[in-house]
2 protein chains.
Amino acid sequence: MGAGEFDLIARIRARVATRADVVLGIGDDAALLAPPPGRQLVVTADTLNDGVHFPRGTSPVDIGWKALAVNLSDLASMGAEPAWCTLSLSLPQSDPAWIEGFLDGFLDLAGQHDIALVGGDTTRGPLSIAVTAMGLVEPGRALRRDGARVGDEVWVTGTLGDAAGGLALLDREPVPALRARLDRPTPRVAAGRALAGIATACVDVSDGLLADLGHVCARSHVAARIDVDALPASAALMEVIGEADRIALQASGGDDYELCFTAPADAGADIGAVSAQLGLRITRIGRIVAGEGVHPVDAKSQPWSSPRRGYDHFAEQ
Amino acid sequence: MGAGEFDLIARIRARVATRADVVLGIGDDAALLAPPPGRQLVVTADTLNDGVHFPRGTSPVDIGWKALAVNLSDLASMGAEPAWCTLSLSLPQSDPAWIEGFLDGFLDLAGQHDIALVGGDTTRGPLSIAVTAMGLVEPGRALRRDGARVGDEVWVTGTLGDAAGGLALLDREPVPALRARLDRPTPRVAAGRALAGIATACVDVSDGLLADLGHVCARSHVAARIDVDALPASAALMEVIGEADRIALQASGGDDYELCFTAPADAGADIGAVSAQLGLRITRIGRIVAGEGVHPVDAKSQPWSSPRRGYDHFAEQ
């Protein structure tokens with residue numbers, strides 16, 4: 001115990017992998033990187049706070065994983081290839097075992113996506129993890145929120161509502177498969193890369209499908225009509241939660257980190273090919289129409305409304 | 001009160017300036033940037049926590065300024081030109097007046113250095129500000145910590161000990177000129193740019209001169225001999241603090257954000273020209289010698305020792 005800030009940084013530095021384009025990594029005033037010519041830089045920053053973005057008592061391994069995963073998910077939703085990241089870690093006290101666990105999770109995921117941790121800082125304070133992730137994309141191929149067009153179809157990767165189900169059942173009836181979706185989300189990096197050039201707009205589902213798709217509609221000046229009965233559900237979720245509650249979780253629960261995207265109506269075959277190639281379920285859930293807002297309907301085309309529409313960290317409770 | 005997270009982001013977005021190389025700024029899953037060809041990317045991340053990196057009760061304007069200044073200082077110490085930054089802002093509650101004040105300070109300094117705020121997030125939690133700053137430098141011209149050579153001279157910009165003096169006198173005898181150095185440090189960006197190509201190594205003085213120069217010596221496998229009587233002091237500091245205490249603050253006090261750099265012995269005229277051009281005092285304070293560590297000596301060449309050697313956020317108190 002009692003390792004100082006410089007020991008902590010040395011501990012992190014000893015464990016990180018590097019890349020050929022990292023000229024100078026952790027250990028100077030700043031990192032020095034050599035971006036490849038002809039690529040655009042994609043930059044995102046997301047923070048996790050104790051008890052807000054993960055339940056108190058979450059293991060350090062899972063916290064490390066999730067802190068990077070939520071940022072990789074933003075790169076994925078832009079169609080970018082991960083390259084480098086920084087980590088600002090605020091800890092109440094220096095705890096080597098906690099740090100090693102955190103790095104186990106963070107660096108495991110970093111290694112899977114060849115993203116190099118190149119800098120950051122450690123400070124004393126309430127537990128908080130701020131990551132900035134940088135990626136690369138070919139000019140013109142980035143997936144933005146403002147490209148959806150009337151007539152496009154709306155799709156989503158994977159299954160929805162698992163993370164919110166895991167959270168809802170946390171204290172009552174823990175379901176490992178759902179808890180794993182909450183604690184160790186899978187950023188859809190390969191899907192994002194494959195969809196660049198096919199999708200017209202994309203967002204990751206962090207605050208809830210209806211809320212996140214709402215951002216796409218607002219930026220694209222269109223509306224979306226979503227068939228809530230078509231939303232993909234996992235077997236684990238269907239097993240433990242009744243249909244009405246399940247659909248609410250799928251439509252409005254956060255933290256799934258799936259990609260919701262729009263594509264021209266004739267792109268179905270290309271999307272099917274991506275799905276087959278990645279072994280990843282991709283489901284058509286609705287259509288872009290003229291107007292504004294997201295309009296969920298049930299199988300009988302009747303309007304459907306959720307008791308909860310996404311997660312706003314500053315909403316009045 | 002009660003503005004939501006999306007209102008907060010809209011409030012920030014409405015106020016930020018942009019640059020021609022920002023393809024897509026705040027408002028998507030990530031920012032999209034077009035780095036100029038043939039430049040290297042310099043990346044740094046530094047966090048400020050309430051009561052740790054600034055005194056509780058510091059004004060939001062000053063907090064906003066300092067959060068960016070400490071990151072610009074890292075770019076300066078690398079000889080980089082500021083380009084883009086992200087901001088992760090954790091707040092106990094949404095307070096529009098606080099946010100506007102914070103943005104006044106942050107964006108005032110951002111505008112002075114043409115650095116564009118391109119992304120980030122706002123979360124609910126204890127007050128904490130994590131910034132990642134990105135800059136650009138010509139390949140081969142970055143100022144690193146590992147370039148000091150035996151025979152080089154050691155120099156420092158500006159004056160030392162003011163911020164630590166301001167902190168020491170905070171509750172007893174506030175001195176506005178010193179408090180301003182603590183709250184609104186001046187990142188030496190123009191000096192860093194001008195010294196790229198002249199200096200052999202550089203670090204910014206954030207933890208204290210002896211501690212920070214120690215990092216240069218360790219990375220460069222050399223030692224430094226520092227004349228503590230040559231350390232530059234402001235008139236304000238000399239007026240209120242006796243000589244022995246003053247020298248201790250200059251040698252070991254943090255938060256000055258001056259640049260300490262090494263340069264060949266024949267670079268004095270070039271450094272003088274930079275000083276004259278920028279209207280910035282630059283003082284020769286010692287020499288690089290063989291060995292390891294930083295060795296402060298007084299005017300009689302006797303070893304000098306400070307009661308306090310830099311600031312370590314995790315040191316046992």
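Below, chains carry the letters A, B, ... as their sequence lines are ordered, and counting in each starts from 1.
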*asked:* For the interface with chain A, which of B:Ser73, B:Ala80, B:Gly27 has the highest count of heavy-atom pairs at distances below 4.5 Å?
replied: B:Gly27

*asked:* Just so I understand: if I count every heavy-atom pair under 4.5 Å between each of B:Ser77, B:Ala218, B:Ala34 and chain A, which residue has the most?
replied: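 That would be B:Ser77.
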
*Pair B:Thr86-A:Thr132, side-chain donor/acceptor within less than 3.5 Å*: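 Looking only at side-chain atoms, A:Thr132 and B:Thr86 do form a donor-acceptor pair, the distance falling under 3.5 Å.
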
*Would you tell me whether A:Asn49 and B:Ser90 have side-chain atoms, one donor and one acceptor, within less than 3.5 Å of each other?*
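There is such a pair between these side chains.
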
*When only heavy atoms count and the cut-off is under 4.5 Å, which of residues 35-45 of chain B reach chain A?*
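If one takes a 4.5 Å heavy-atom cut-off, the residues of residues 35-45 of chain B near chain A are B:Pro35, B:Arg39, B:Gln40, B:Leu41, B:Val42, B:Val43, B:Thr44, B:Ala45.
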
*Heavy-atom side-chain contact between A:Val137 and B:Leu32 under 4.5 Å*: yes

*Whether B:Asp74 side chain and A:Ala30 backbone form a donor-acceptor pair below 3.5 Å*: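 Pair absent, no side-chain N/O of B:Asp74 close to backbone of A:Ala30.
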
*OG of B:Ser88 to CD1 of A:Ile129: how many Å apart, nearest 0.5 Å?*
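Nearest 0.5 Å value for the OG-CD1 distance: 11.5 Å.
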
_Please report the interatomic distance CG(A:Asp29) to CZ(B:Arg145), rounded to the nearest 0.5 Å._
4.0 Å

*So which part of B:Arg219 gets closer than 4.5 Å to some heavy atom of chain A, the side chain, the backbone, both or neither?*
side chain

*Would you mind checking which part of B:Ile26 comes under 4.5 Å of any heavy atom in chain A, side chain (CB onward), backbone (N, CA, C, O), both or neither?*
backbone

*asked:* I need the residue from A:Pro126, A:Ala133, A:Pro139, A:Gly119 with the largest number of non-hydrogen atom pairs under 4.5 Å to chain B.
replied: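 Option with the greatest count: A:Pro126.
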
*If you count heavy-atom pairs under 4.5 Å with chain B, which of A:Val23, A:Val118, A:Leu24 comes out on top?*
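If we count pairs closer than 4.5 Å to chain B, A:Leu24 comes out on top.
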
_Residue pair B:Asp28 / A:Met78: nearest heavy atoms and the distance that separates them_ =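 What the structure gives for the nearest pair is OD1-SD, 3.5 Å.
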
*Step through the shown structure and confirm whether more than 12 heavy atoms of other residues, nucleotides or ligands are within 6.0 Å of CD on B:Glu138.*
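For B:Glu138, atom CD is crowded (more than 12 foreign heavy atoms under 6.0 Å).
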
